[in-house]
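The structure under discussion appears below in the form of structure tokens.
Because the structure is predicted, anything quoted here is derived from the model rather than measured. Residue numbers start at 1 and run along the sequence shown.
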Amino acid sequence: MYISLRDIEKKIISDLDLGKAFEHLQYLVNEIGERIAGTPAMIKAAYYIENKLREFGIDEVYTERFKIYHSFPVSAEIRVLYPEQRIIDAKPLCHIMSTGPDGITGEVVYVGSGGYEDYNNKDVRGKIVLADMTWDPARPEKARIAAERGAKAIIIMNWGPDEGTHIQMGAIKGVWGNPTPDNFVKIPQIVGVSISRSSGLYLKKLLEKHNKVILRIRAEATREWVDAHQPIGRIRVGRSKYFILIGGHLEAWGKTAICNSSGNALMLELARVLNKHKDKFRRDIIFAFWDGHEIAEAAGSTYFVDTHFNELQLYGIVYLNIDNVGIRGTSIPYLWISDPSLLDFIKPIAEEIFETNKIKVLYMYKGGDASFFGVGIPYIFVYTGYTEEDLKKLNYASLSPWIHSEEDTLDKIDKDLFEKHLKFYAILTTRLATIEILPYNVIQVVDKLIEDLRNLDKICSEIRVDDIIELAEKLKMLTIELDNYKEKVQNKLEKNSSAISNYKGVIELINKGLIKIVRNTLHILKTVAGRYEQDPYDYTFVKKPIPRLYIPITELCKSKKDSHEYMLWYTKLLREKNSIIDSIQNIFDYLGIMLPLLREKL
């Protein structure tokens, strides 16, 4: 008997139980709370998740165990030595260079958000920088830039109301996932501490008044390898090897309600209900509860990529990141995407569920377990955020002033908003798991590639990428042809759904073509490190057009032609251009074989 997609969705929505989700949320917050990698609390949380997945009857359930490069906070203190004497409460950031019992002494320089532009006309060599907690850049990138500029220490004041007294925990490892011999040396060698918003403003005002502030900082944190515990559950439908990956971090600071017991609870309820309806799905669904997110900086999701790379590149359809669900006081749906491939598919669902057309679409930076850019799997992350007016009041505490602290309690979760997130992810996953032809808009992907190449081409008049632009424009013609075939088959199936058996081979060809385009363009659009490595956390340059080319081109523009530095960067540019041309050529080679087959069949 034929059952429409809408009927399937209605049944799934009716089976969702907000009460069951909140039982998980309450247990994770009240019975476990803070759960840092390598601790009994983390093991208890992983055991709880694994047991629940087994109770739901999920086909394949296990906990991955592996080593991650971790850090435990020990202690910290700040003493104001000049122009007055005062002790400031502080907590050590993780993966810092510890000071020893005598601490370090230095002059303070305020650097705003701590991005490159904030260091203009400031000499911070041998000094202590004071930065605001923001995501522009994120904490690890602030530390990397500070260390690069020669600072001996960084103090990060919390966001939130000016009178805020709670201190946010975090890490500054910078290196994404477990380090290698090549990037271990890139972990910032800098002292780092976190303080409250009110303490930070006290230091800032003191500096403004006296023009000189001297501090002594004592801070200690470990650096060590610990055992990670990462629960995985896979709903197997038996119809194909393709899958949707749903992930959210299990490791969490503070009381953990928003970040990320809310996401863990949502995923458990989603797994329970979707498993009941797996006979309706065409693709598997994997639920991954990441360890090593907070301190080892996405070590869990990176390990998953490293150990499942071939399966991901062959069969992964999308990564859905679930985090910060139902933050009290928020109202604007934020839709973070890696690329435009699924934007037109997802946005109408968000508008329907959140009952607004004011969806804020943003391109994802290197954060939030975005470990999948290299392997080429589209990334989606949806949550509600504050209005601009509220953000100003909260000093741009975009994920609430409470996360990563003891203030992140159950009362910070809005049940109605939580339920909307639950329905959104249920409908989105259901459609991705049932739709025959993948909903990738590859024309928009190639348009984005061309747009970024053209923006790059404007940076330096003497260094052009017109050869790659020409190649990308030729690729667009083939992409349009593939999209036409996709539309043609979709129209036939809409008129006669029972005819699907006549188009099985054609649909498989179309889907593989769509995947090939996305796989080979995403790492061009979003990485410096390329397909097999990982860029640093919130790396400034991954936000630039065609990051791998942006760096050598801007360096060439600053260098004297034919100088030693110029020739080094020129060689780097040639090799990076070749890697990009090679990826585009891979698409040409595949479409060159596949499109004639589609012309013949259609």
Would you say the side-chain atoms of R431 pair up with the backbone N or O of F345, donor to acceptor, closer than 3.5 Å? no
Indicate whether the side chain of E50 and that of H229 have a donor and an acceptor atom separated by less than 3.5 Å. no
Taking S400's backbone N and O only, do any of them form a donor-acceptor pair with W159's side chain (distance below 3.5 Å, no angle check)? yes
Atom NE2 in H293, atom CG in L250: separation rounded to 0.5 Å? 11.0 Å
Starting at CG of D89, measure out to CD1 of I78 and round the result to the nearest 0.5 Å. 9.5 Å
Looking only at atom types and distance, does a side-chain atom of S338 sit under 3.5 Å from a main-chain N or O of Y379, one as donor and one as acceptor? yes
Test: E351 and K358 ion pair at under 4.0 Å: no
Can you tell if the side chain of Y334 reaches within under 4.5 Å of the side chain of F381, non-hydrogen atoms only? no
Lys/Arg-Asp/Glu bridge criterion (N-O < 4.0 Å) met for D411, R328: yes
N/O donor-acceptor pair under 3.5 Å between T39 side chain and R35 backbone: no
Side-chain donor or acceptor of D408 paired with backbone N/O of C259 under 3.5 Å: yes
Closest approach of L320 and V318, non-hydrogen atoms and distance? CD2-CG2, 3.9 Å
Using a 3.5 Å distance criterion without hydrogens, assess whether the side chain of E224 forms a donor-acceptor pair with backbone atoms of S71. no
Test ring-ring contact (aromatic ring centres under 6.0 Å, His included) applied to Y47 - qualifying residues, sequence neighbours left out: none
Decide whether a cation-pi geometry holds between K415 and F22; the criteria are a distance under 6.0 Å from NZ or CZ to the six-membered ring centre and an angle within 45° of the ring axis. yes
Could you give me the CA-CA distance, side-chain angles and deciding distance for Y396 and Y386, then say whether ring-ring contact (aromatic ring centres under 6.0 Å, His included) is met? CA-CA 9 Å; Y396 289 89; Y386 296 103; over 10 Å; no
Among Y242, F243, F309, find the one that has a ring pair (Phe, Tyr, Trp, His ring centres under 6.0 Å) with Y315. Y242
Between the side chains of T409 and K412, does any donor sit under 3.5 Å from an acceptor? yes
Sole candidate of N158, N395, T165 that passes side-chain hydrogen bond (donor to acceptor under 3.5 Å, both in side chains) when paired with R197: N395
Could you check I322 against Y383 for side chain to side chain contact (heavy atoms under 4.5 Å, CB included), going step by step and ending with a plain yes or no? CA-CA 8 Å; I322 301 183; Y383 64 90; over 6 Å; no
Tell me, do Y363 and P340 make a side-chain contact under 4.5 Å, heavy atoms counted? yes
Give the ring-plane orientation class for F354 versus H421, where under 30° counts as parallel, over 60° as perpendicular and anything between as tilted. perpendicular
Using a 4.5 Å cut-off on heavy atoms from C-beta on, say whether the side chain of S198 contacts that of E163. no
Under 3.5 Å, is there a donor-acceptor pair between the T256 and E34 side chains? no
If you measure only the distance, is there a donor-acceptor pair under 3.5 Å linking the side chains of E407 and S405? no
Salt-bridge criterion met for K420 and E355 (N-O under 4.0 Å): yes
To the nearest 0.5 Å, what is the distance between CG on D15 and CG on N275? 12.0 Å
Closest non-hydrogen atom pair between S371 and V305, with its separation: O-CG2, 3.5 Å
What I want to check is whether the side chains of Q168 and K91 have a donor and an acceptor closer together than 3.5 Å. no
Taking C-beta and beyond as the side chain, do I232 and F304 meet within less than 4.5 Å on heavy atoms? yes
Can you sort out the partners of D535 under salt bridge (Lys or Arg N to Asp or Glu O under 4.0 Å), two or more places apart, ordered by chain and number? none
Compare all side-chain heavy atoms of F56 with those of K276 and state whether any distance is below 4.5 angstrom. no
If only side-chain N and O atoms count, and only distance matters, is there a donor-acceptor pair under 3.5 Å linking N321 with H249? no
Can you tell me how far apart NZ (K255) and CD (E406) are? Round to the nearest 0.5 Å. 6.5 Å
Could you check if a side-chain atom of V518 sits within less than 4.5 angstrom of a side-chain atom of P378, using non-hydrogen atoms only? yes
Before you tell me yes or no, could you show the steps for D538 and K543 under salt bridge (charged side-chain N to carboxylate O under 4.0 Å, His left out), namely the whole-Å CA-CA distance, both residues' side-chain angles and the distance that decides it to 0.1 Å? CA-CA 9 Å; D538 195 31; K543 302 172 185 178; 2.9 Å; yes
Mark yes or no: K67 above the aromatic ring of W225, with NZ or CZ under 6.0 Å from the six-membered ring centre and no more than 45 degrees from the axis. no
Check: S194/R139 side-chain N/O donor and acceptor closer than 3.5 Å: no
Spatial distance of atom NE2 (H277) from atom OG1 (T430) [nearest 0.5 Å]: 8.5 Å
What pair of heavy atoms forms the shortest contact from G164 to S196, and how long is it? O-CB, 3.6 Å
Any donor-acceptor N or O pair under 3.5 Å, side chains H24, N264: no
Residue pair T134 / D136, side-chain donor-acceptor N/O under 3.5 Å: no
Compare every heavy atom of I413 with every heavy atom of V325, then report the nearest pair and how far apart it is. O-CD1, 3.6 Å
Please answer whether the main-chain N or O of Y48 pairs with a side-chain N or O of N51 as donor and acceptor at a distance below 3.5 Å. no
Do I346 and I380 touch side chain to side chain, with heavy atoms closer than 4.5 Å? yes
d(I327 CD1, I258 CD1) to nearest 0.5 Å is 5.0 Å
Note: W176 and G368 closest approach over all heavy atoms is CH2-N, 4.4 Å
For the side chain of S240 and the backbone of R282, is there at least one donor-acceptor N/O pair under 3.5 Å apart? yes
Looking only at heavy atoms, which two atoms of I190 and A147 are closest? And how far apart? CD1-N, 3.9 Å
Counting N and O atoms only, with roles assigned by atom type, does the side chain of S261 sit under 3.5 Å from a partner on the main chain of L25, one being a donor and the other an acceptor? no
Answer whether the closest heavy-atom distance between the side chains of L130 and M157 falls below 4.5 Å. yes
Are D284 and R234 within salt-bridge range, i.e. N to O under 4.0 Å? yes
Among L266, I286, L270, the one residue meeting side chain to side chain contact (heavy atoms under 4.5 Å, CB included) with I246: L270
Do NZ/NE/NH1/NH2 and the carboxylate oxygens of E23 and K20 come within less than 4.0 Å? no
Give the ring-plane orientation class for W290 versus F372, where under 30° counts as parallel, over 60° as perpendicular and anything between as tilted. tilted
Evaluate side chain to side chain contact (heavy atoms under 4.5 Å, CB included) for I337 paired with M364, printing each intermediate quantity in order. CA-CA 5 Å; I337 56 174; M364 189 61 189; over 6 Å; no
Ring-plane angle category for Y365 and W336, please: parallel below 30°, perpendicular beyond 60°, tilted otherwise. perpendicular
For Q230 and D291, indicate whether the former's side chain and the latter's backbone hold a donor-acceptor pair under 3.5 Å. yes
